Structure formats: structure tokens, C-alpha cells
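Before any comments, here is the structure.
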Amino acid sequence: MTATTTEPRTYGGWRRSRSLGIGRLDSRQTVILMTAVLVPLLAAAFGAVRLAFVLAGVALPVLGLALVQRGGVLLMDLALARARWQWAAWRGETSYRGGVFAELPRAWDLPGVLAPTTLLDVEEPGRGRVGVVWNQRTGWMSVTLLLSPAGALLADRATVEQQVAAWGDLLASLADDETVRAAAVTIELVPESGTQLADHVAGRLDPDAPELARRVLGELVAAAPRGAARVNARLTLTVDPAAGGARPRSVPEAAAEALRSLAGLSVTAAGADVLRRASATDLVRMVRCAFDPDAAMAGVSEFDALTWGEAGPVAAEDLWDHYRHDGAYSISWALLEAPRQRVSHDVLLPLLSPGRFPRRVTILYRTLSRDEAGAVLEREVNAAAAREEYRRRTRRDPTARERADAERAARAAAEEAHGAGLVQFSLFVTTTVTRWEDLADARREVEQAAGRSRLKLRIARGGQSAAFAVGLPCGIYPPAA
């Protein structure tokens, strides 16, 4: 008999979108480079030598900002972000004082990018009441499913691969719904005392249970880790009802369109059980507890009377590298680069494992329609071909990274031509502490976990409140925020 072994399946092929440009430059950098070189040369050609020297002196620092990177980001983008944030700070737009400190009629708006949102309490036939977040600026509606992820640690390889494939099919199916704008999967990890498991078992143990059962449960509790965490998972679907064939004529019709899209999701096959659709009280509680972690100690019924505006903070400060809100401190990161190599299905396990501090991890998906996906991939392939032609004419050999990037672009175009979907994704991480002295340790914990997950994250400097809001069930999609 011959034993057969199969290698674990790996996943990858994602790449960062690149526009057409010279060498490793994108279109914007190429235009700046050409302008910085040609303008002084033209001035010198027309006899304005002194002006040419002045223009060259101006062009050099501009080139430095456009070509040099720091931490994977162009200095030009860093400078623009800093200037925008500083301008907003001078205008007082980075400070929020809600409730009694704000002027009417905007006293009960949520802060920052959440201000245009409002909460609808909708009755869905056969399912009860459902909460829908309506973005009054974009007209988009967001609905949330509360999930119970089964996990893959105890599942066999075939089951895990089937679940990953089902998740891919779910994302691909979103491309067939022209109203879907984004989908966000959020995992919240809240550390809890290790005694909660013992208290939970002790409170439910039947005193008349057999001695063997009582002894087994006691051994399980004793063997369980002292540290534990409460894991909350949810999926938020954001829909543009006006993009459908039948334009809704009222807000209730628009909310019904969002609920219709949510009903088409096949989440269970991807390894997560649907607990229920989030109600208005659920959404208020999640938002309120994010801004004020101490509010989690209150009972669910205490959130029934809160309005959407009251779910936000009383005061908040959007600082350059962290966010201060209702006595708590948060730092948020955005994904800078996904793993270049192919990875196994559990690559995010370190980032999604419990730590000492609360953590919220959100993967944000934007599904492209079939037509848009084809156009994007064709543009990427053409850009790769143009770069290859430039290297050939300049007699420069491509680097290994350039060859791999061109191969991934061609493979993605071929897969799309055979029916695969195209998804743009990003990842946001937020950690929150209630003591300032813990903030540095919480930051180090997230960055170490991201490194073990082979992710390159970057602190969302100058955009902390917006990155914080992405992880809330409010349908915030940064390019449209």
C-alpha cells in the first residue's frame, strides 16, 4: 500500500493596482517627473536661463516629495495629509462636543464621517424589526448580520477548503447585484476574565448530574486558559438602492431593497452561522460601546431608549495619531500591503487571537461589476505591457518583483475572462484602551500580531476618526465617506 499526501492549499494572487507610468512610477509620478524636467529645459531653450535655474530649484524638492517614500507612502501624500489635518484642526473640525454642548439643530449628529447617518427601525415581515443605517448624503443603506463563526481549528482540511471556496463564491455573487456597494466583515475581541468560564459552568451545572459528567466539566474548566475573550462577529452590507432597475420612491422602499440584497447572501456555507439580523437596539449598543467601553456593563434593555445621536460620544478629539473619545483612547491602522506570497487559510489567526486589549478587525470588500472588472483588468494588463516595452527599449532587465506582478495581472485577467469575480479589499484594525498608559502596549500588541499575520499595516495618521468609524456597523466606505 502506498501512502499519499497532498500539500495544504494556499491562497494568493492579489496585487496592488498600478497605473501606467515610467518604470516603477505610476501615472501621477510620471506626470510630475516629466513636468519637472521639461519646464526648466523649455525655459532654457527659449533663452530664459536665469528662469530655468529658478524652475530647476523649485523642481528638485517637488521631485523629492513625488518620488521618495517613507514607510511605503510617498512624502507628497504624507505632506498633503498633514496639511489637511492641520487645516481641519485650526478650523476646530477635529473636536466634537455632542449633546448639550452642541448648537441645534445638529446637536444629535454623530461625529465626523458618521454625521450624515441616521438609524431606521424597520419591520420586516416574518423576521421582526431590523435596524437599517441610512447615509443621507449618499443615499446608501446598510444592514448587518450578527454571526457566530464556527472556526477552523478543529475542522478537517476538506471542510476548511470548502468554506473558503464558499466565501469566494459569496463575494463573486455580490458582483451580480448591481446595488451592492461594499461588504464589511468585522471581528471584535474583548478580553474577559478567565473566571467567567468557571462562573458560566457553575451557574448551569445540574446538582443531580452524574458524578462522571461533573468531574469531566471540572477538569475542562481547570484546563481552560485563564485568559479568555468575547468574540463578536458581524457582516455589514451596504447597498445603493438607486442603482437598481426599479428606483425606490421612498425611504421605506429603499430600506426594503437593502434587506432584499441581504437575504441573498449564503453565509452559512462559508462557515458562519447567522444569529439574527441586527435590530436598531443592537446597532445603538455596538456604536455606543465602541465609543464608551464602560457602557458594555449596562444591560441590553438600557439601550432601548437611546436615539442614534445618543449612541455617539459626548466629546471626542481626532488627534494626529490616535482618537480620544469619552475617556477612552483608540489607535486605528489601515492595510498598506497584503502578503506577497501565497498563504494558508489561517494566515490571520495571530491578528484574530485574543490579546490583553480589545481589538476590532474589519475586512472591507468592494465588489466590481462584470463590466467594470473587465475594464480594470484590461487596463492593468496594458499598463504591465507598457512597462515591459519601456524596459525593453531602455535595455533594462525586469526585477523578480516586476515579473511576478505582470504574471499576477495576466492571471487575474484570464480568470476573470473565465467567469471569476474581482474584489478590491482593505483591512482596518482598531484597538481601544481606557488608560492612557496602556496605549503604547496596545499598539505594540497589534503591530506584533499583524507582523505574524504577514500584513503590513500603517497607522491612519490624520484620519483616526474615519478609520475608527469603518469598523462600526454604519456602512462607512472610505472612498465615498
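Keep in mind that what you see is a predicted model, and the values were worked out from it rather than measured.
- Checked by atom type and distance alone, the side chain of Trp85 pairs as donor or acceptor with a backbone atom of Asp318 at under 3.5 Å.
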Can you list the steps and then say if Phe291 with Phe468 is a ring pair (Phe, Tyr, Trp, His ring centres under 6.0 Å)?
CA-CA 10 Å; Phe291 283 109; Phe468 180 92; 5.1 Å; yes
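- The shortest distance between side-chain heavy atoms of Ile331 and Tyr323 does not fall below 4.5 Å.
- In this structure, Trp134 has no ring pair (Phe, Tyr, Trp, His ring centres under 6.0 Å) partners at least two apart in sequence or on a different chain.
- Thr117 and Asn135 share no side-chain donor-acceptor pair at under 3.5 Å.
- Thr179 and Asp240 share no donor-acceptor pair across their side chains, judged by distance under 3.5 Å alone.
- Judged by distance alone, the side chains of Thr144 and Thr236 do bring a donor and an acceptor atom under 3.5 Å apart.
- When the side chain to side chain contact (heavy atoms under 4.5 Å, CB included) test is applied to Arg342, the partners found at least two apart in sequence or on another chain are Thr10.
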Could you walk me through whether Arg234 and Leu145 pass the side-chain contact (heavy atoms from CB on, under 4.5 Å) check?
CA-CA 5 Å; Arg234 59 176 178 262; Leu145 288 178; over 6 Å; no
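- In this structure, Phe303 has no ring pair (Phe, Tyr, Trp, His ring centres under 6.0 Å) partners at least two apart in sequence or on a different chain.
- The side-chain tip of Arg435 does not point at the ring of Tyr329 from less than 6.0 angstrom away and within 45° of straight on.
- Taking the centre and axis of the six-membered ring of Trp320, the NZ or CZ atom of Arg82 falls inside the cone set by 45° and 6.0 Å.
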